[in-house]
Amino acid sequence: MSFTIRKPGEKSGSPAAFAIGKSRRTFFKKSGIGLASAGVLLAACNGDDDEMLTNETVDLGSGDAGILNYAYALEQLEAAFYDQVLKGGYYASATADEKAVLADLEAHERAHREFLKTAINSVAKAIPDLEVDFSTINFGNRDSVLGTAKAFEDLGVSAYNGAGMLLKNADYLLVAGKIVSVEARHAAVIRSLIEPGNPRAFAGDDVIDNNGLDKARMPSEVLKIAGTYIKTKIDASNLPS
Amino acid sequence: MKFLNLLDSLTKVEEAHPLTAPTSRRAAFGRMGDIAIDLAKVAVPFGIAAAVPTTASAQGTTRTPIDVFNFALLLEYLEDEFYRTGLSSNGLLSGDTKTTVEQISKHETQHVAFLKAAITANGGAPIAKPDFDFTAGGAFKDVFTNQQTFLAVAQAFEDTGVRAYKGQAGFLVGTGGLLTAALQIHSVEARHAAKIRRIRGLKGWITGEQGIQGVPATDAVYKGEGNVMQLGLDASSAAASGGVSRDRVTEAYDEPLTTKEASDIAGLFIK
């Protein structure tokens, strides 16, 4: 159950999953309003290989299925991260408690990823495996691993919180709700592991506002942040907004 | 009696009226536009216009956003008074645990204020705070003198809160910023729950229907948490779990409580 690692330049995903005929003009038109980030856009436009551009961009799709694919993309990222964490040097030397927490997180995110893939494929088409880029993470270093875990968990919470209103189907919203509170539990525990001397860290003022509300981020903002760790180009322009 | 009336009104489930609902619902959500403006002034991330909902909730019944927010307000009143009372009880809490409870208490007070403002801004009337009995009729006699009891009840409240908000979310489909705000409170409750559980030496997440050891009165809080059916699929099956154990699959999904289930739990603590 590993994510796919490819060398730069290799094709990713299944061409059949995309609109092959999507023209560059359409691409540019859409990218102006909805593509994940300017950085992603520039990368996608390097070179003159139109086929590569269309084939390598993963379209999340539209409607509720698009939002589920968006969630699936984030769960792929988290699951791939914890998979690497469990194979890394920090984990090998971590305390028993930290190991137990990280092993649970790996399992939970893997379960989320596989469930979403199965669920999406039963009603639409799940996006292919994304290519991740963890080159900025030092898996042998506690601060690097836990800091990234915190960033991913807080990001996941804000992503589900922001995407809820984009769903029309109450059953999908419920499942998203079942997942997001577990992500929030993860975030709280990781935050306390990072700052054992700060009894407020689990829900610190850096993440909870003056109304007692957690963060909510829209997909464009989330993907811009996540983009640092995802090599595959993601087109979110067809998502509901 | 007052308490029963209160719960009645809070748990009232309107039958969906297919012929008349669209108009009234549209009117209701028209007012949602107001909250987007009013609450934006207090730096709330509303600001996306409410969409007209497509269908009634999955349950085939509906509750107005005011119903939902007043129900949430009841639960927040409960938590807010609980933590404030705990913090003012001499000798109950100390050290890091006290600091953690202060942080949680601050959030619950903020939630009460936020929900009241949201209800008022939408033309509703916030319910009054009921009188609470945190001993639950004597089941938790030492709740404000014994830190362990206090934390056990706190865990029950937080895990109930997470499940209760989740159970209400479906009624807010199509309400835009209101749903977002409810979700933003929901995840804060989950952070609280995880922290309290960790202080108590437990996992931050719920395995199966594992309740609070030695406190059968809290079993209702965890009833149904062992569910593995998601969207009609068995999330613990090999295909949908990626080989993750059933216990961990149950941890990976928090389950909702219905309005009645959550009310029954809250009701144990209302005079």
Would you say the rings of B:Y253 and A:H112 are close, in the sense that their centroids are separated by under 6.0 Å? yes
NZ/B:K116: more than 12 non-hydrogen atoms of other groups inside 6.0 Å:
no
For B:A72, the side chain to side chain contact (heavy atoms under 4.5 Å, CB included) test, sequence neighbours excluded, returns B:L115, B:Y165
Honestly, the part of B:I185 sitting under 4.5 Å from a heavy atom of chain A is both
query = Where do B:T180 and A:N161 land on the side chain to side chain donor-acceptor pair (under 3.5 Å) test, with the steps shown first?
reply = CA-CA 6 Å; B:T180 303; A:N161 281 350; over 6 Å; no
So CZ of A:F115 and OG of B:S237: to nearest 0.5 Å the spacing works out to 9.5 Å
Shortest non-hydrogen pair, A:A107 vs B:V244, comes out as O-CG2, 3.2 Å
Check whether the side chains of A:K215 and B:Q184 place a donor and an acceptor atom closer than 3.5 Å, and report yes or no.
-> no
* Apply the test side-chain contact (heavy atoms from CB on, under 4.5 Å) to residues A:L167 and B:V173: give CA-CA distance (whole Å), side-chain angles for both, the deciding distance (0.1 Å), then the verdict. => CA-CA 7 Å; A:L167 288 168; B:V173 170; over 6 Å; no
If one checks every heavy atom of B:R197 against chain A at 4.5 Å, the contacting part turns out to be side chain
- For B:Q110 and A:N211, indicate whether the former's side chain and the latter's backbone hold a donor-acceptor pair under 3.5 Å. no
- Side-chain heavy atoms of A:P199 within contact of B:Q103, under 4.5 Å: no
Cut-off 4.5 Å, heavy atoms of chain A, and the answer for B:D234 is neither
Residues A:V189 and B:A194: closest non-hydrogen pair is CG2-CB, 4.2 Å
- Answer yes or no: is there a donor N or O on one side and an acceptor on the other, between the side chain of B:K166 and the main chain of A:G177, under 3.5 Å? yes
Value for CG (A:L116) from CD (B:Q230), rounded to nearest 0.5 Å, stands at 10.5 Å
If one checks every heavy atom of A:I190 against chain B at 4.5 Å, the contacting part turns out to be neither
Distance col, row B:E102:CD vs A:R200:CZ, nearest 0.5 angstrom, shows 5.0 Å
- Item | Heavy-atom check, side chain of B:W205 versus side chain of A:L105, under 4.5 Å | yes
Tightest non-hydrogen contact, residues A:E114 and B:A239, listed as CB-O, 4.0 Å
Are A:L173 and B:L172 packed together at the side-chain level, in the sense that at least one heavy-atom pair is separated by less than 4.5 angstrom?
no
Cut-off 4.5 Å, heavy atoms of chain A, and the answer for B:K203 is side chain
Between the NE2 atom in B:H192 and the CD1 atom in A:I208, the distance rounded to the nearest 0.5 Å is 7.0 Å
Note to self: So A:D97 and B:R198, do their side chains get closer than 4.5 Å, heavy atoms only?
What the structure shows: yes
Turns out that what part of B:H186 lies under 4.5 Å from chain A's heavy atoms comes down to side chain
So, are A:D205 and B:K106 salt-bridged, with charged N and O less than 4.0 Å apart? yes
Original post:
More than 12 heavy atoms of other residues, nucleotides or ligands under 6.0 Å from NZ of A:K99: is that the case?
Top reply: yes
Closest non-hydrogen contact found for B:A181 with A:L213 is O-CD2, 4.0 Å
One should read off an interatomic distance between A:D154 CG and B:S187 OG, to the nearest 0.5 angstrom, of 9.5 Å
When the 4.5 angstrom heavy-atom criterion is applied to A:V123 and chain B, the contacting part is neither
For B:V249 and A:A111 the tightest heavy-atom approach is CG2-CB, 4.5 Å
Nearest heavy-atom approach of B:V188 to A:D214 is CG2-N, 3.4 Å
When rounded to the nearest 0.5 Å, the distance separating OG of B:S241 from CZ of A:R113 is 11.0 Å
- Can you tell if the side chain of B:F114 reaches within under 4.5 Å of the side chain of A:N210, non-hydrogen atoms only? no
The side chain to side chain contact (heavy atoms under 4.5 Å, CB included) partners of B:A190 (sequence neighbours excluded) come to A:S181, A:A184, A:R185, B:V162
Turns out that what part of B:A113 lies under 4.5 Å from chain A's heavy atoms comes down to neither
